[in-house]
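The block underneath contains the structure these notes are about, expressed in structure tokens.
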Amino acid sequence: MYKYLNLGEYLDEENRCLQESVEERSALIEFGCGNCRHLKILEAVSSFYLGIDFDPGHIKSAWNLSENKNSQIFTF
């Protein structure tokens, strides 16, 4: 049996776990960041965020979502 009844419950729990596990002013790196949805959750507490992904479309989307001037998001 699954712990979560739907995707929304799972994502809410994931967001809570991320926020609880990252210390204020942390520097973060995420490989396979996609559109950097974790960045949106953690940019208020991170001092620097580096996201890396293969897909240029995801990176473009990530830049559009990011409000953090200390974020760097790359594709290769």
Any residue meeting salt bridge (Lys or Arg N to Asp or Glu O under 4.0 Å) with E14, in chain and number order, not counting sequence neighbours: R37
Interatomic spacing from CG in N15 to NE2 in H38 - rounded to 0.5 Å: 7.0 Å
Contacts of type side chain to side chain donor-acceptor pair (under 3.5 Å), residue E13, not counting sequence neighbours: R16
Least distance between heavy atoms, C33 atom then I59 atom: SG-CD1, 4.1 Å
Straight-line distance of E30 CD to Y49 OH, nearest 0.5 Å: 3.5 Å
Euclidean distance, S46 OG relative to I41 CD1, rounded to 0.5 Å: 11.5 Å
Minimum heavy-atom distance between S47 and A27, given as atom pair plus value: OG-N, 3.9 Å
Counterpart residues, side-chain contact (heavy atoms from CB on, under 4.5 Å), relative to V45 (two or more places apart): V22, E24, L42
Heavy-atom pair with the smallest gap, counting every atom of N35 and S61: CB-OG, 3.5 Å
